[in-house]
Undergrad: 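Handing you a structure now.
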Amino acid sequence: MKGRLVILTGAGISAESGIPTFRDPGGLWEKYDLSEVATPEGFRRNPRLVHEFYNARRRDLLRVKPNPAHYALADLERAWSGEFLLVTQNVDDLHERAGSRRVIHIHGELLKIRCEHCGGVFRETGEVFPETPCPGCGRPGGLRPHVVWFGEEPFHLPEVYEALSRCHLFVAIGTSGTVFPAAGFVEVARAAGARCVEINLKPAENAPLFHEHRYGPASQVVPAWVKEILKEG
Ligand code: APR
């Protein structure tokens, strides 16, 4: 199989690395009220609580590592002779740590912060608080996670839609298909005539829109699928 490949990943690809998903039993939105920690209103109401939520997730991220599914996608990118784009809803850096190069984070990145005063975006692996001065302009009180909250516009959408509208193969891995616009990417790919493959532990909400389904843990199913797709040549 050659041509233009677009892959979309969600929290399920990082689950076996030890990063909790959002909507599975025991997931993040069971433990935290997303309106408090993942909305602009929640941040305005209680910035310290939100910073502590992201500080904890940053600490957890630095303790985990990529799993075979992340490495398989990096192998696929290196071996793929056509156009390749990896779009992720995840804010972790496990794709990059596994060697993926062309990664678009439409929901932002946990290891980056943004200053509301100067607009600067900076790498951050430590802790941030409301009084932390901006590494760029030096002013306090303006830093926030460089993460897309509910009600905010995801990043890089024009580039993603351009790739989807021309792709031959679209593969969604480890996403519940419940949050738009990502949940609608499969429809854009279908309209472009792409073959659409769902890889998940169980059928996602938008499963009927896919032509092919591979169910099982990503760390086993993704490497097997990559091996097959590369053998197809
Ligand atoms: N292997 C494969 N898939 C898995 C595994 C696994 N080991 N474990 C869980 N999954 C699947 C679940 O079946 C589910 O379909 O991962 C998906 C996780 O769904 P969500 O928790 O909703 O995560 P996601 O789809 O990435 O959420 C989308 O919602 O809260 C926002 O911004 C957040 O980016 C996130 C977006």
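Read the numbers this way: they start at 1 and go in the same order the structure lists the ligands and their atoms. Quick note: numbers below take in every heavy atom, side chains included, and nothing from hydrogens, waters or symmetry partners.
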Undergrad: Using heavy atoms and a threshold below 4.0 Å, how should the contact between Arg23 and ligand 1 be classified: side chain, backbone, both, or neither?
TA: both
Undergrad: Quick one: which of His146, His105, His107 gives a ring pair (Phe, Tyr, Trp, His ring centres under 6.0 Å) with Phe155?
TA: His146
Undergrad: Say whether His70 and Glu96, considering side chains only, have a donor N or O and an acceptor N or O under 3.5 Å apart.
TA: no
Undergrad: What protein heavy atom sits nearest atom 11 (C) of ligand 1, and how far off is it?
TA: Asn200 OD1, 3.3 Å
Undergrad: Say whether, by atom type as modelled, one donor and one acceptor occur between the side chain of Asn90 and the main chain of Gly10 under 3.5 angstrom.
TA: yes
Undergrad: Within the distance-only criterion (no hydrogens, no angle test), does the side chain of Glu77 pair as donor or acceptor with the backbone N or O of Arg102 below 3.5 angstrom?
TA: yes
Undergrad: In the protein, which heavy atom is nearest to atom 10 (N) of ligand 1, and how far is it?
TA: Gly12 CA, 3.5 Å
Undergrad: How far is atom 3 (N) of ligand 1 from its nearest protein heavy atom, and which residue and atom name does that atom have?
TA: Leu201 N, 3.4 Å
Undergrad: Walk me through it: do Thr9 and Thr175 pass the test side-chain contact (heavy atoms from CB on, under 4.5 Å)?
TA: CA-CA 6 Å; Thr9 59; Thr175 179; over 6 Å; no
Undergrad: With heavy atoms of Lys202 as the reference, note each atom of ligand 1 found under 4.0 Å away.
TA: 13 (O)
Undergrad: Should the pair Phe43 and His51 be assigned to parallel (<30°), tilted (30 to 60°) or perpendicular (>60°) ring geometry?
TA: perpendicular
Undergrad: May I ask you to identify the nearest protein heavy atom to atom 34 (O) of ligand 1, giving residue, atom name and distance to one decimal place in Å?
TA: His107 ND1, 2.9 Å
Undergrad: Inspect the surroundings of CZ in Arg48 and state if more than 12 heavy atoms from other residues, nucleotides or ligands are less than 6.0 Å away.
TA: yes
Undergrad: Measure up the Tyr161 and Phe185 rings against each other and bin them: parallel (under 30°), tilted (30 to 60°), perpendicular (over 60°).
TA: perpendicular
Undergrad: Just jot down the ligand 1 atoms closer than 4.0 angstrom to any heavy atom of Ala15, in number order.
TA: 8 (N)
Undergrad: Does any N or O in the side chain of Thr132 come within less than 3.5 Å of the main-chain N or O of Val128, such that one atom is a donor and the other an acceptor?
TA: no
Undergrad: Whether the Ser14 and Asp92 side chains hold a donor-acceptor pair (N or O, under 3.5 Å, no angle test) is what I'd like checked.
TA: yes
Undergrad: Do any nitrogen or oxygen atoms of Gly174 lie less than 3.5 angstrom from nitrogen or oxygen atoms of ligand 1?
TA: yes
Undergrad: Relative to the heavy atoms of Glu16, which atoms of ligand 1 are at a distance of less than 4.0 Å?
TA: 1 (N), 6 (C), 7 (N)
Undergrad: With respect to Val179, determine whether any N or O atom, backbone or side chain, lies less than 3.5 Å from an N or O atom of ligand 1.
TA: no
Undergrad: Near Gly10, which atoms of ligand 1 are under 4.0 Å from a heavy atom of that residue?
TA: 26 (O)
Undergrad: Output yes when the distance from some N or O of ligand 1 to some N or O of Phe22 is under 3.5 Å, and no in every other case.
TA: yes
Undergrad: What verdict does the side-chain contact (heavy atoms from CB on, under 4.5 Å) test give for Glu41 and Trp149, after you've listed the backbone C-alpha separation in whole Å, the side-chain angles of each residue and the deciding distance to 0.1 Å?
TA: CA-CA 10 Å; Glu41 299 74 22; Trp149 286 326; over 6 Å; no
Undergrad: For atom 19 (O) of ligand 1, what's the nearest protein heavy-atom neighbour? Residue, atom name and distance, please.
TA: Ser176 CB, 3.3 Å
Undergrad: Give yes if a backbone or side-chain nitrogen or oxygen of Asn90 is under 3.5 Å from a nitrogen or oxygen of ligand 1, and no if not.
TA: no
Undergrad: Does ligand 1 have any atom that is closer than 4.0 Å to a heavy atom of Pro217?
TA: yes
Undergrad: According to a hydrophobic-cluster definition based on side-chain heavy atoms being under 4.5 Å apart (Ile, Leu, Val, Met, Phe, Trp, Tyr only), do Val186 and Ile106 belong together?
TA: yes
Undergrad: Report, in ascending order of atom number, the atoms of ligand 1 lying under 4.0 Å from any heavy atom of Ala218.
TA: 1 (N), 2 (C), 6 (C)
Undergrad: Of all the non-hydrogen atoms in the protein, which one sits nearest to atom 30 (O) of ligand 1, and at what distance?
TA: Trp29 NE1, 2.9 Å
Undergrad: At under 4.0 Å between heavy atoms, is it the side chain or the backbone of Gln89 that contacts ligand 1, or both, or neither?
TA: both
Undergrad: Suppose we measure from atom 23 (O) of ligand 1 to each protein heavy atom; which comes out shortest, and what is that distance?
TA: Ala11 CB, 3.6 Å
Undergrad: Looking at non-hydrogen atoms alone, which of Val221, Asp24, Asn67 comes nearest to atom 9 (C) of ligand 1?
TA: Asp24
